[in-house]
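Just below is one structure, and these are the notes that go with it.
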Amino acid sequence: MATSIDGLMQPKSIAVVGASAQPGKIGYTVVKNLIDSGFKGALYPVNPSATEILGLKCYPTINDIPGDVDAAAITVPAKFCPEVVEECGKKGVKGLYIITSGFSEVGNKDLENQMVETARRYGTRILGPNIVGYLSNSDGLNASFAPFLPLKGKASLVSQSGALLIAIDASSYLRHVGFDKLVSIGNMSDVDFADNIRWLNNDPNTTCISLYIEGFKDGRAFIDASREAHKPIIALKAGTSAHGAAAAASHTGSLAGAAKVYGAAFQQAGVIQASDLDNLFDRTLALSMQPPMKGDNLLIITNGGGVGVLATDSAEKYGIPLKFAPADVQVELKKHMPDFGSAKNPVDLTGMAGNEWYGDSVKYAYAHPWVDGLVVLYCETAITDPVAIAKSIKQAIDESGVKGKPVTASFVGGEHSAEAMKYLVENGIPAYGAPDIAVNAMGALREYARMQELIAEPVTSCAPTDRKAALEIIAQARAEGRSSLTEIEAKQVFSSYGLPVTSTVLAKSEDEAVKLAKEIGFPVVMKIVSPDILHKSDAGGVKVNIKDEDAVRDAYRAILANSFKYKPTANIHGVAVQEMAPWGTEVILGSVNDPTFGPTMMFGLGGIFVEVLKDVTFRVAPVPANQALRMLGEIRGAPILAGVRGEKPRHRQAMADTICMYSSMILDLQDEISESDANPVLLYEEGRGVKVVDARIILKKK
Ligand code: ACO
């Protein structure tokens, strides 16, 4: 088991190996930063050719240091790092900030692995390599070459990009977004996002965890750590262009871009997403200062109709559409505005509103049980004082006697408004220069509450499975040197995990096809069965609505002739005869074995919805049935499932159960299945269930 990262995150003593007396060098800057940041613990520069650096006694090697060393910042060139790590291990150093570059990021994996193996032998944890370092305001600790500690605040940031961390550090002062810790994790050779999330979750100085992510090594460890966290986590994911899609053999594979799979994983992990760097700052500010919005009732108070309308539009966009305030709220608020104001929602106090009207209405509204979240807007006028209004808002919230509800603000104007917002932020109320941003921030607080509810939902299970039967079918195909299953085999595998498939049997002759068709009952469907023909319709290998014996014979001959013409060398097993399921709403299920998250499910409407509109949604397996029900509501075509143009609603629960079974199958067989599709699956009206009509399984290369 990996040792704790306490030594890295809260060291009592730090060595800088590669410390330098030469200004401008990273080894000099790190020592200077540690001194300037006010680090209270013991500080030991290490350099074989110096006796003193920046007034501190310098040691030739780490072994020469008399006392214990909790952490060491490493600033020696890459080729010396393995030896330094060994020495640090022997000394009993608990954690290393390896600032040095030149490892796996430039293909030098062996050198990096060598360091990690050495560190593991001694139980030493590594942050990096290829990092800026580690900064903590509450520990007065700047073990980095970033210019200074960030503006003090309650969020902590973990960044895979060192450059971005430095940029966030510097701009924290301009943007008034404060941080307690900034953690640069670079190549993540050892300590990763999951380690940091677990540690920061227990850090009393961190109320919100912000992440800049380029990619995970172990996506599931991230999901597990995030789900366990009881603090908001917000992620900005870079690099969301499609990955691996070009090489995909299945429909699902071609649709499972990184953005969609990461998006699904964030949802399952309860992690809020930021759309860009600005949004990361804005949402971090709100999540680090304000409690979650636990209900849907948002009230907006404004002095201007225009910003009120803009905020109303934004509220709908961010999933918290406005409702009219209840009558008692309207009656009370009307007392704090002129006759021509409006108390409906947005509450328009009018341009005449000064600090008193703002104070009285905010105090009443914030305390009212109907209100779950409050956004206060202000447009600068010549007759009112923004700073006085900001102070009255803060006072009103404090005096309301209510806690645990979120409030955000937007002051649109010039210098005075900026000053007012600075006052609000310094007093724990997130304030922004545009109404849209204040509402977006409230949207993040609502999203966080919803995600927490989702994670807390009990997990509903799926049907029992027959793993042995599925493995036997797969083993048989592998023994024949095949990399995919035939439709009949794939359906057998599906069926062994409880999926409702149409009965499908193999006929090796015309007579056998007739016999089987009679047993199944007319009409039937007939399809070519060949591991060499994946796209059966393109080959003319599918005939439907076959109503009698003569038609079976005609179909059998036509399918074989078409298939041989399409691919003369094809290995043909025979012709599948299958029950012709009554028509229903066409949907598609599928899976990929994602390189980061492992088995991942897709659901969407079939036909043109998937082909043209790509109207699909994803989840990392397993997908409990109650989560699957939410997938049904996520696609744009969701109203079709609810029943449109007089059609009855579709059997949503049966669909959700089928998704749940499918997800169990791909998780259980993750060593065997690379990609799969059930396409189409027919979804019938309420009470009539679903039927998988066609199935495809591509095997994992072994
Ligand atoms: N023990 C102690 N000190 C040592 C040892 C050792 N085993 N070996 C060398 N040193 C000393 C050197 O003598 C030197 O001290 P000096 O100035 O007194 O001569 C000091 O360590 C540094 O060694 P140099 O060879 O001078 O190396 P330099 O300072 O030029 O570079 C560094 C070292 C900074 C680690 C460099 O190799 C590097 O990796 N730079 C990139 C860092 C980086 O960008 N990290 C990622 C950040 S993310 C982003 O992109 C912003």
Side-chain angles (χ1 to χ4, degrees), residues 14-34 43-65 69 71-91 93 96-109 111-112 114-115 118-119 124 126-135 142-148 150 157-171 182-192 211-215 238-239 277:
I14 301 182
V16 180
V17 184
S20 172
Q22 215 175 301
K25 279 199 165 186
I26 288 185
Y28 173 89
T29 308
V30 174
V31 178
K32 186 162 187 317
N33 275 346
L34 280 162
L43 188 51
Y44 307 108
V46 177
N47 182 316
S49 49
T51 52
E52 189 207 289
I53 290 176
L54 285 157
L56 296 169
K57 180 176 162 49
C58 187
Y59 297 85
T61 73
I62 194 140
N63 254 321
D64 299 307
I65 296 171
V69 177
I74 312 293
T75 60
V76 298
K79 62 180 176 198
F80 301 129
C81 283
E83 191 190 323
V84 168
V85 172
E86 179 87 42
E87 286 171 5
C88 289
K90 280 190 188 141
K91 173 73 182 166
V93 179
L96 306 174
Y97 317 114
I98 304 188
I99 290 174
T100 311
S101 300
F103 295 93
S104 62
E105 82 280 8
V106 289
N108 217 345
K109 278 192 188 144
L111 201 63
E112 188 167 304
Q114 196 186 333
M115 277 190 326
T118 308
T124 310
I126 291 179
L127 194 64
N130 188 30
I131 60 169
V132 166
Y134 170 62
L135 302 91
N142 181 0
S144 82
F145 66 95
F148 32 66
L157 171 88
V158 185
S159 174
Q160 217 168 340
S161 155
L164 206 87
L165 182 136
I166 296 177
I168 288 175
D169 181 25
S171 52
L182 300 180
V183 191
S184 170
I185 55 173
N187 296 0
M188 298 191 296
S189 69
D190 174 29
V191 174
D192 62 7
L211 310 173
Y212 168 78
I213 300 164
E214 281 167 9
L277 194 53

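Just so you know, ligand 1 is whichever comes first in the structure, and atom 1 is the first atom listed for that ligand. Positions are given from 1 along the sequence.
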Backbone N/O of D64 and side chain of K91: donor-acceptor pair under 3.5 Å: no
Cation-pi geometry met for K57 and Y59 (6.0 Å, 45°): yes
Proximity of I131 to ligand 1 by residue part, where a heavy atom lies under 4.0 Å: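 The answer is the backbone.
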Mode of Y59 contact toward ligand 1 - side chain, backbone, both, neither (heavy atoms, under 4.0 Å):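 Looking at Y59 and ligand 1, no heavy atom falls under 4.0 Å.
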When you measure from the heavy atoms of [X] to every atom of ligand 1, does any distance fall below 4.0 Å?
X	value
A163	yes
F145	yes
A21	no

Polar side chain donor-acceptor pair, S189 to N187, under 3.5 angstrom: no
Check whether any side-chain heavy atom of [X] sits under 4.5 Å from a side-chain heavy atom of [Y], and report yes or no.
X	Y	result
V16	V46	no
T75	V17	no
V69	Y44	yes
L111	P82	yes
F103	N130	no

Counting only heavy atoms, tell me which of [options] gets closest to [atom].
atom	options	value
atom 6 (C) of ligand 1	I99, V76, I166	V76
atom 23 (O) of ligand 1	S20, G18, P77	P77
atom 18 (O) of ligand 1	V16, V30, N47	N47
atom 33 (C) of ligand 1	T100, I74, T75	T75
atom 41 (C) of ligand 1	P48, S184, S49, S101	S101

Within a distance under 4.0 Å of any heavy atom of [X], pick out the atoms of ligand 1 and give their elements.
X	value
V17	1 (N), 2 (C)
V132	47 (C), 48 (S), 51 (C)
I26	34 (C), 42 (C)
G162	48 (S), 51 (C)
V84	7 (N)
V46	2 (C), 3 (N)

Worked verdict on V106 versus S101 for side-chain contact (heavy atoms from CB on, under 4.5 Å): CA-CA 9 Å; V106 289; S101 300; over 6 Å; no
Stepwise side-chain contact (heavy atoms from CB on, under 4.5 Å) check, V85 with I98: CA-CA 9 Å; V85 172; I98 304 188; 4.0 Å; yes
Flag: protein heavy atom within less than 4.0 Å of atom 37 (O) of ligand 1: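 Under 4.0 Å from atom 37 (O) of ligand 1, at least one protein heavy atom found.
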Exercise check, heavy-atom protein proximity under 4.0 Å to atom 28 (P) of ligand 1: no
Gap between atom CD of E87 and atom CD1 of I62 - 0.5 Å precision: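 If we round to the nearest 0.5 Å, I62:CD1 and E87:CD are 8.0 Å apart.
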Distance, nearest 0.5 Å, that separates CD of E83 from CD of Q114: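 CD of Q114 is found 10.5 Å from CD of E83.
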Taking atom 26 (O) of ligand 1 as the reference point, the nearest protein heavy atom with its distance: K25 NZ, 2.5 Å
